[in-house]
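The next block holds one structure in the form of structure tokens; read it before the comments.
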Protein chains: 2
Amino acid sequence: MSKELSTEEKIREAAKHVFIAKGFDGCTSREIAKAAGMNVALVNYYFCSKKQLFKLIFETAMEDFMLSTVEVFRKDLSLESKMRIFIEREFEFLTMHPDIPRFILSELSRGDKCEFDHAGILDKIASTGVFEELLEAQEKGIIRKIDLTNLMLMIMSNCHYPFMAKPLMKYLNSLSEEEYQERLTLQKQYVTEMLIGYLFIPKTNS
Amino acid sequence: MSKELSTEEKIREAAKHVFIAKGFDGCTSREIAKAAGMNVALVNYYFCSKKQLFKLIFETAMEDFMLSTVEVFRKDLSLESKMRIFIEREFEFLTMHPDIPRFILSELSRGDKCEFDHAGILDKIASTGVFEELLEAQEKGIIRKIDLTNLMLMIMSNCHYPFMAKPLMKYLNSLSEEEYQERLTLQKQYVTEMLIGYLFIPKTNS
DNA sequence: ATCATTTTTAAACAACCGTTTAAATTCTTT
DNA sequence: AAAGAATTTAAACGGTTGTTTAAAAATGAT
């Protein structure tokens, strides 16, 4: 157990936890301070304001969210393998951070609070060479010629939504936590099969 | 122009708009009253409390969200046609109410505020005969034998998420409103093709 | 040990929250 | 027109919000 966290780090960790669970509007500075075991004033002493602390948490969450899994595309594997591993890792990441998609999309839709730097993120994704590889595969007729924005949206839909819809699914279908987790594991297999099956054009031996 | 809305209805309409846009925690009673052109006290005069008004809005939004499109399954069409029409209608509904999925999932994940009656909703869905029809089609080998919970999740993922991710997509890909709407139209076609293609087992003429 | 600096605390600040009250206004019924 | 009920209003309520302040405690340097 490494408990040697500085006060600043303790507050940041508590803020991450509370903000992601309840959102900017859904929590108070005092709640964050209490979660960190600190006095309220320390939050502003280290981070100036609730809004600024939120901005910090949001931006790091955003980076984790977008960059945690694209590294696969640097590897020397077939495109299909990379896609499969990518989805696998995406589900792994989301299993550990199931609340991040809802957090990001909710806070982003509320606007104003976070005019974050998206250019850097997109650049980092691009630096893995995913986009070139996909475009090249489209030219070669290996995968469907779909706009990459739409392709990205398809993958994200099938990976993020199952985690975002947890309370809805558990409620509507009266699932226990275990049952929900079972469906999640199945869902990973289904969406992988579906996405790969749709994206990759079957080889015709004409 | 039918402007003859009662005070109660004006408040309900304003509350629907404000709650869905900003969430329970993101708005105030005074904001709702102002949006309705009313005094704050009237909100509680007609709806007792902010929480109770929210409950009302949430439950009706939930019903619209879940029940607006399942009626197709009462019609006398092939299962594939029904599925295609269902997805089409789902996108239609979401085009008119693009904020509802995020609203529902966000508020539902915050818990406590809304212990709504899900039994009624599921019953109404079941009354269309979707579930029997799908199970029957699975027995006949027309569609894949996937748990219906997972099937539901797949469809919802691909319909809801593209609307929820609007700010993310516009931001990451620097899309104008028109460009985003274009992608959305394309997305509808892609996901329809993908879902139908995955779900329905091709007929083998053995 | 003394002093200056940094860190932490309790208390206070004005502003705003959801809600209530009691008076003013409008509408309905006679 | 008068009386009673329903609607609307402004003002106030206790409590909480984010933030600031000024004093206390802890730390480091000499």
Side-chain angles (χ1 to χ4, degrees), chain A residues 2-61 103 106-107 110-116, chain B residues 2-61 103 106-107 110-116:
Chain A
S2 63
K3 275 247 173 183
E4 298 114 36
L5 286 173
S6 71
T7 300
E8 193 177 339
E9 289 167 332
K10 278 187 203 167
I11 296 173
R12 209 203 324 268
E13 285 305 305
K16 192 203 288 185
H17 189 262
V18 176
F19 273 142
I20 291 179
K22 304 204 185 189
F24 181 84
D25 294 324
C27 71
T28 68
S29 299
R30 284 171 174 81
E31 190 177 355
I32 293 171
K34 182 170 281 186
M38 303 289 162
N39 188 288
V40 209
L42 282 177
V43 174
N44 284 359
Y45 177 75
Y46 282 106
F47 300 97
C48 297
S49 70
K50 184 192 178 188
K51 196 176 255 179
Q52 190 157 320
L53 175 54
F54 175 81
K55 207 167 177 173
L56 192 79
I57 301 301
F58 179 83
E59 277 169 6
T60 61
F103 172 68
S106 283
E107 300 296 338
R110 221 75 49 99
D112 68 300
K113 275 162 235 139
C114 37
E115 313 88 10
F116 71 103
Chain B
S2 63
K3 276 248 173 181
E4 300 114 37
L5 285 174
S6 70
T7 300
E8 193 177 337
E9 288 167 332
K10 278 186 203 167
I11 295 173
R12 207 202 326 267
E13 284 305 305
K16 191 203 289 185
H17 188 262
V18 176
F19 272 141
I20 290 179
K22 305 204 184 189
F24 181 83
D25 293 325
C27 71
T28 68
S29 298
R30 285 172 174 80
E31 190 177 355
I32 292 171
K34 183 170 280 186
M38 303 290 162
N39 188 288
V40 209
L42 282 178
V43 174
N44 284 358
Y45 177 74
Y46 282 105
F47 299 97
C48 296
S49 71
K50 185 191 178 189
K51 196 176 254 180
Q52 189 157 320
L53 174 55
F54 175 81
K55 208 167 178 173
L56 192 80
I57 301 300
F58 179 83
E59 278 169 5
T60 62
F103 172 68
S106 283
E107 300 296 339
R110 219 75 49 101
D112 69 298
K113 276 162 233 137
C114 36
E115 313 88 9
F116 71 101

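All figures in this text were calculated on a predicted structure; none of them were measured in a lab. Naming: A, B, ... by sequence-line order, numbering from 1 per chain. Quick note: numbers below take in every heavy atom, side chains included, and nothing from hydrogens, waters or symmetry partners.
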Grab the CG-P distance between A:D25 and C:dC16 for me, whole Å please.
-> 16 Å

Residue list, side chain to side chain donor-acceptor pair (under 3.5 Å) with B:E8, at least two apart or on another chain = none

A:K16 side chain to A:I11 main-chain N or O, any donor-acceptor pair under 3.5 Å?
-> no

When you check the side-chain N and O atoms of A:Q52 and A:S49, is any donor under 3.5 Å from an acceptor?
-> no

A:R110 and A:D25 ion-paired at < 4.0 Å | yes

d(CD1, B:I32; P, C:dG18) in whole Å = 8 Å

Grab the two heavy atoms, one from B:G23 and one from B:E107, that are nearest each other, plus how far apart they are.
-> CA-OE2, 3.1 Å

Nucleotide by nucleotide, nucleotides 11-26 of chain D touches protein heavy atoms under 4.0 Å in the pattern (B base, S sugar-phosphate only, - none) -B----BBBBB-----

Whole-Å gap separating P (C:dA10) and CE (A:M38) | 13 Å

Within this structure, what is the NZ-to-P distance between B:K10 and D:dT7, rounded to whole angstrom?
-> 14 Å

Hey, are the side chains of A:I57 and A:R12 touching, using non-hydrogen atoms and a 4.5 Å cut-off?
-> yes

With 3.5 Å as the limit, what N/O pairs link the protein to nucleotides 25-28 of chain C?
none

Send over the distance from B:L42 CG to C:dA23 P, rounded to a whole Å.
-> 18 Å

Is any side-chain nitrogen or oxygen of A:T7 closer than 4.0 Å to OP1 or OP2 of C:dT8?
-> yes

So do A:K10 and A:Y46 actually touch side chain to side chain, heavy atoms under 4.5 Å?
-> no

Base, sugar-phosphate, or nothing: which does B:Y46 touch, judged by heavy atoms less than 4.0 Å apart?
-> sugar-phosphate

Which of B:F103, B:F54, B:F58 passes ring pair (Phe, Tyr, Trp, His ring centres under 6.0 Å) with B:F24? Answer is B:F54

